[in-house]
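Data first, discussion second: the structure below is written as structure tokens.
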Amino acid sequence: MKTLLLTGFEPFLNFTINPTMRIVEELHNQEIGEYKIHSEVLPVDFEVAGKKLIEHIDKIQPDAVISLGLAGGRYKITPERIAININDGAPDNNGNVRVDETIQSDGPEAYMSTLPVRAMVNQLLKEGLPAEVSNTAGTYLCNHVMYQGLHYAKKYNKNTPSGFIHIPASHELAIQHGKIPSWSHDDLKKAIVTCIKVLSETL
Ligand code: PCA
């Protein structure tokens with residue numbers, strides 16, 4: 001059986017809950033398609049998040065990597081097409097501020113996801129779950145982690161499929177936050193299971 005590293009993120013900014021945490025915790029050790037899931041939660045910290053992801057990859061030696069992040073305000077499940085070589089945005093959970101900074105000085109301007117993003121979206125739609133391919137993962141921690149994962153794979157010639165999926169808020173978070181669209185936890189989790197099955201079937 002193959003191993004899939006599935007990461008989520010801790011809460012950040014004014015999002016008191018990060019729905020990706022509960023999803024990855026519940027999917028830990030589950031078997032989905034050809035994959036056994038190994039889950040980890042990453043810190044929202046520019047100094048640490050990328051390093052932690054690479055540490056987990058080195059330790060687990062996964063056959064595929066999917067990272068999840070909250071996109072508070074989005075309505076759909078959005079597999080990300082591209083990660084750009086920029087850190088920028090609000091202070092992270094440890095107060096680090098990054099403005100127009102290059103992530104990797106020896107890296108290209110962008111990396112394309114190596115996950116089957118179109119097939120994932122098509123299958124989600126087939127199952128009645130709103131989804132679209134996103135053309136920007138932003139410039140905050142989610143883009144950072146996606147870029148670092150793909151840079152690492154490229155640098156060490158690994159053809160491990162890797163990429164990122166942004167999800168909307170859960171109802172639990174939306175109740176606390178007050179002003180964002182939301183999905184049920186069960187539907188969010190079902191959507192991620194579907195994406196993993198698609199990956200398992202296409203590769
Ligand atoms: N979402 C943020 C960082 C952590 C998370 O879950 C982002 O979109 O960058």
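Every number for a ligand or one of its atoms is a count from 1 in the order of the listing. Position 1 is the first residue of the sequence, and the numbers go up from there.
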Cationic N near anionic O, under 4.0 Å, Glu132 to Lys76:
yes

Just distances here: any N/O of Thr20 and N/O of ligand 1 closer than 3.5 Å?
no

Gly69-ligand 1 polar pair, N/O distance under 3.5 Å:
no

Between Asn85 and Ala110 (side chain of the first, backbone of the second, donor and acceptor by atom type, cut-off under 3.5 Å), is there such a pair?
no

Please work out which of Leu68, Leu141, Leu70, Asp92 has its closest non-hydrogen atom nearest to atom 6 (O) of ligand 1.
Leu70

Among all protein non-hydrogen atoms, which one is nearest to atom 3 (C) of ligand 1, and what is the separation to 0.1 Å?
Cys142 SG, 3.3 Å

Among all protein non-hydrogen atoms, which one is nearest to atom 5 (C) of ligand 1, and what is the separation to 0.1 Å?
Phe12 CE2, 3.2 Å

Give a yes-or-no answer on whether the side chains of Glu40 and His38 include a donor-acceptor pair shorter than 3.5 Å.
yes

Atom CD1 of Ile32 and atom NZ of Lys197: how far apart are they, to the nearest 0.5 Å?
7.5 Å

So for atom CG, which belongs to Asn135, do other residues, nucleotides or ligands contribute more than 12 heavy atoms lying within a distance under 6.0 Å?
yes

His166 to ligand 1, any heavy atom closer than 4.0 Å
yes

